[in-house]
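See structure below.
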Amino acid sequence: MDQSPSLNGQDILPNFSLSDPVRQLSIDILSRLQEASFDGVGVSRETYGASETAAFELLESYALEAGFDVEWDAARNLIIRLSGDNPELAAVATGSHLDSVPEGGNYDGAAGVIAGLAVLIAAKEAGNRQRSMEVYALRGEESAWFGGPCYFGSRALFGKLTTDDFNSPHRDGKKTLEDCMRSTGADVEKLKSGIPLLDPAHLACWLELHIEQGPILIARDKPVGVVTGIRGNHRHRRVTCFGQAAHSGAVPRWLRHDAVLAMADLMVRIDEHWRVLLEWGEDLVVTTGIVETNANEHAVSRVPGEVSFALEYRSQDLKTLQSFEALVQSECDQVAEKRGVRFDLGVPALTQPATMAPKMIALLQSVCESQSVPHEVMASGAGHDSSVFSNAGVPSGMVFVRNDKGSHNPNEAMEYSDFFQATEVLGGAMLAAASNQAEDL
Ligand code: HGY
Ligand code: MN
Ligand code: MN
């Protein structure tokens, strides 16, 4: 990979640093977001819900106060713009999502949005850049609120929302994504038309800062990661196993069709395939994050006739995802035959894996080196909006921030010193890209 600290022959990367007031402002905004979204345990910013909208309105107030133009698009994403000297050139963009999982952490998504605002404020003070710089605060990245599909705000940008998305049931079972979008003022008809809200050619590149959400940067003792690729995922939001309810004392094992035992049998088989595939060097993670018997009928003295569970698997390799899907189906058939049960896998939601642009990886590495920031080049196990931008043809890159205690939990932590180092890497890369008039970065 090109290690030279340059971008299309541009030898010197512009210096970029955050002033103390901009650092303090970032801390203030993140603190206010946390206060506004505290749910008694952690942070909840509900996809297309009032708590997510409140976060967007808070961000808008800071962007306006900093003197930027802001725009709400048809999906109620918020775009913050700093015009360049040649505004007809393709823009340099950054951003991330503002929603969170229920009882989650404050930094998943929000750190990237606030880093983008900080970069724009610093760039405005520094002056002279050719390309406009934009921050996209995106709605609905998480799958947690609507069971499987995700990346609603970023996919809306490129006209990629589907009927299944709009009809996705909210986790409370009382409304759909469409209902929730309408409640925020989104132009659902326009989103349903499939007309892109953003022409990929409008962007010269997309760079997203995000917390790592995993343990690697902590283990490597490095503050920053440069991302090479993002796993795709295959989500069965609700698999149901239908067996036969029975008296727990009166029915012998050989006459039972126990739904929970059948599910357990399937999970052990799936786990064994996972273990073998990893030994063969495949990239794969498998999770069942939700398991529930029917609370209206389940009992200690009742053999469960029905159980539902979520099943998600992720890989950087689309073929691995597709072949694992076939394995899951064949194991369902075998367990069904053996135990006299039936599995309903439902309609899966698939998000494609994505690779980051080599030029963006090289640029981010060059900036890390020019700023003497220790960094790890690594893949992302978690999904990100950057995969949508990359698969839409926008040259994309990601900067990871070391963060302790993982993510998708209220203990999610991040050191501000790491956040500032990563933000200065993001800013240096964005400024280099914005100062470069080459057609293709
Ligand atoms: O689920 C994910 O990978 C992301 O954190 N939404
Ligand atoms: Mn995220
Ligand atoms: Mn997340």
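Just follow the structure's listing: the first ligand is 1, and inside any ligand the first atom is 1.
- To the nearest 0.5 Å, the span separating CG on L364 from CZ on F400 amounts to 12.0 Å.
- Annotation: G381 places no N or O atom under 3.5 Å from an N or O atom of ligand 1; distance criterion only.
- In terms of distance to the Mn ion (ligand 3), the nearest N, O or S atom of E142 is named OE2.
- Taking the six-membered ring where tryptophan is involved, the planes of H170 and W145 are tilted, since the angle between them lies from 30° to 60°.
- Within the coordination shell of the Mn ion (ligand 3), defined by N, O or S atoms under 2.8 Å, H408 is present.
- A 6.0 Å sphere centred on CZ of R220 holds no more than 12 heavy atoms belonging to other residues, nucleotides or ligands.
- Distance from atom 1 (O) of ligand 1 to its nearest protein heavy atom, with residue and atom name: R314 NH2, 2.9 Å.
- Proximity of the aromatic rings of F158 and F389 is defined here by a centroid distance below 6.0 angstrom, and this criterion is met.
- Of the angles at the Mn ion (ligand 2), the one spanning OD1 of D108 and NE2 of H210 is 80° when given to 10°.
- Crowding of D271 atom CG: a count of heavy atoms from other residues, nucleotides or ligands under 6.0 Å exceeding 12.
- Contacts between H384 and ligand 1 below 4.0 angstrom, taking non-hydrogen atoms only, are absent altogether.
- Among the backbone and side-chain atoms of H384, no N/O/S atom is found under 2.8 Å from the Mn ion (ligand 2).
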Step-by-step salt bridge (charged side-chain N to carboxylate O under 4.0 Å, His left out) determination, R237 to E312: CA-CA 8 Å; R237 69 181 86 179; E312 176 205 78; over 6 Å; no
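- Using cut-offs of 30° and 60° on the angle between ring planes, the pair W72 and F56 is tilted.
- Near R235, meaning under 4.0 Å from any of its heavy atoms, are these atoms of ligand 1: 1 (O).
- Every N/O-N/O distance between S143 and ligand 1 stays at or above 3.5 Å.
- Taking the charged nitrogens against the carboxylate oxygens, D283 and R231 do have a contact shorter than 4.0 Å, which makes a salt bridge.
- Because the distance cut-off is set at 2.8 Å, E141 fails to qualify as a neighbour of the Mn ion (ligand 3), as none of its N, O or S atoms comes that close.
- Ranking protein heavy atoms by distance to atom 5 (O) of ligand 1, first place goes to H408 NE2, 3.0 Å.
- Ligand-side atoms of ligand 1 in range of A382: 3 (O), range being under 4.0 angstrom from any heavy atom.
- In this structure, F419 and Y416 have perpendicular ring planes: the angle between them is above 60°, well past the 30° mark.
- At a heavy-atom distance under 4.0 Å, no atom of H210 approaches ligand 1.
- Using a 4.0 Å cut-off between heavy atoms, E312 makes no contact with ligand 1 at all.
- Separation of atoms CZ (R76) and CZ (R182) is listed at 14.0 Å; rounding is to 0.5 Å.
- For ligand 1, the atoms sitting less than 4.0 Å from at least one non-hydrogen atom of Q213 are 5 (O), numbered in the order shown with element in parentheses.
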